[in-house]
Engineer: 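Got a structure for you, written out below as structure tokens; questions coming shortly.
Any value given below was found using the heavy atoms of this structure, including those in side chains, with hydrogens, waters and symmetry copies removed.
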Amino acid sequence: MNFAVYTRDGCPYCTKIKQVLDGKGYNYVEYKLGEQFDRESFYQEFGEGSTFPQVKLGSENIGGCTESVRYLSEKGLL
């Protein structure tokens with residue numbers, strides 16, 4: 001599975017979703033605000049007012065931490 005996690009420093013939900021993915025042994029690429037993208041491109045990708053983190057599986061946007069955990073649970077991936 002190809003997860004991409006868009007994070008920002010100091011975000012507890014970003015840390016949590018990475019712990020969940022790590023705990024299940026899933027590979028992911030982390031993109032950090034200010035390093036690989038800026039806030040403007042983040043909003044263009046995920047919508048104005050989107051919060052951190054945002055998780056994608058392939059080209060599908062799963063959502064933030066809560067939505068991602070729900071998605072993984074519903075798909076039997078947790």
Side-chain angles (χ1 to χ4, degrees):
M1 295 191 182
N2 289 330
F3 289 98
V5 182
Y6 293 78
T7 66
R8 67 171 176 79
D9 286 338
C11 168
Y13 294 105
C14 298
T15 301
K16 182 66 177 172
I17 194 61
K18 291 187 296 181
Q19 289 173 340
V20 168
L21 294 173
D22 285 336
K24 296 306 284 183
Y26 293 127
N27 293 322
Y28 61 89
V29 176
E30 180 179 5
Y31 298 100
K32 289 187 176 187
L33 176 66
E35 293 181 24
Q36 288 86 11
F37 65 94
D38 60 19
R39 199 168 290 273
E40 182 179 331
S41 61
F42 178 79
Y43 289 145
Q44 287 174 353
E45 176 76 22
F46 298 104
E48 194 69 35
S50 292
T51 58
F52 288 92
Q54 288 294 315
V55 180
K56 293 180 85 168
L57 177 54
S59 62
E60 180 182 2
N61 182 24
I62 298 174
C65 183
T66 302
E67 295 88 359
S68 297
V69 169
R70 184 181 313 120
Y71 175 92
L72 294 170
S73 180
E74 288 173 355
K75 300 291 185 185
L77 300 172
L78 281 183

Engineer: With rounding to the nearest 0.5 Å, note down the distance linking CD in E67 to CG in N61.
Structural biologist: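 E67 CD to N61 CG: 9.0 Å, rounded to 0.5 Å.
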Engineer: Quick one: OG on S50 to OH on Y6, what's the gap to the nearest 0.5 Å?
Structural biologist: 12.0 Å
Engineer: Taking only residues two or more places apart in sequence, or in another chain, which ones meet V29 in a side-chain contact (heavy atoms from CB on, under 4.5 Å)?
Structural biologist: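 Result, side-chain contact (heavy atoms from CB on, under 4.5 Å) vs V29: Y31.
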Engineer: Linking I/L/V/M/F/W/Y whenever their side-chain heavy atoms sit closer than 4.5 Å, directly or via other members, would Y71 and V5 fall into one cluster?
Structural biologist: yes
Engineer: Do Y26 and L57 have side-chain heavy atoms sitting under 4.5 Å apart?
Structural biologist: no
Engineer: Quick check: closest heavy atoms across E30 and K18, and the distance to 0.1 Å?
Structural biologist: OE2-NZ, 3.0 Å
Engineer: For F52 versus L33, what's the shortest heavy-atom pair and its separation?
Structural biologist: CZ-CD2, 4.1 Å
Engineer: Rounded to the nearest 0.5 Å, what separation is found between the SG atom of C65 and the CD1 atom of I17?
Structural biologist: 4.5 Å
Engineer: Do the side chains of L78 and V20 get nearer than 4.5 Å, heavy atoms only?
Structural biologist: yes
Engineer: Restricting to non-hydrogen atoms, name the atom on S68 and the atom on G63 that form the minimum distance, rounded to 0.1 Å.
Structural biologist: OG-O, 3.3 Å
Engineer: If you compare all heavy atoms of K24 against all heavy atoms of L77, which two are closest, and at what distance to 0.1 Å?
Structural biologist: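 So the minimum-distance heavy-atom pair works out to CE-O, 3.7 Å.
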Engineer: Minimum heavy-atom separation for Y28 to D22, with atom names?
Structural biologist: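 Shortest heavy-atom separation between Y28 and D22 comes out as CE2-OD1, 3.1 Å.
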Engineer: Using a 3.5 Å cut-off and no angle test, enumerate the donor-acceptor pairs between side-chain atoms of residues 38-46 and protein atoms at least two apart in sequence or in another chain.
Structural biologist:
| from | atom 1 | to | atom 2 | distance (Å) |
| --- | --- | --- | --- | --- |
| D38 | OD1 | E40 | N | 3.4 |
| D38 | OD1 | S41 | N | 2.8 |
| D38 | OD1 | S41 | OG | 2.9 |
| S41 | OG | D38 | N | 3.2 |
| S41 | OG | D38 | O | 3.0 |
| E45 | OE2 | K56 | NZ | 2.5 |

Engineer: Can you confirm whether I62 sits close enough to F3 that some side-chain heavy atom of one is under 4.5 Å from a side-chain heavy atom of the other?
Structural biologist: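 Yes, close enough: below the 4.5 Å cut-off.
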Engineer: Got a second to check how far Q54's CD is from T51's OG1, nearest 0.5 Å?
Structural biologist: 5.5 Å
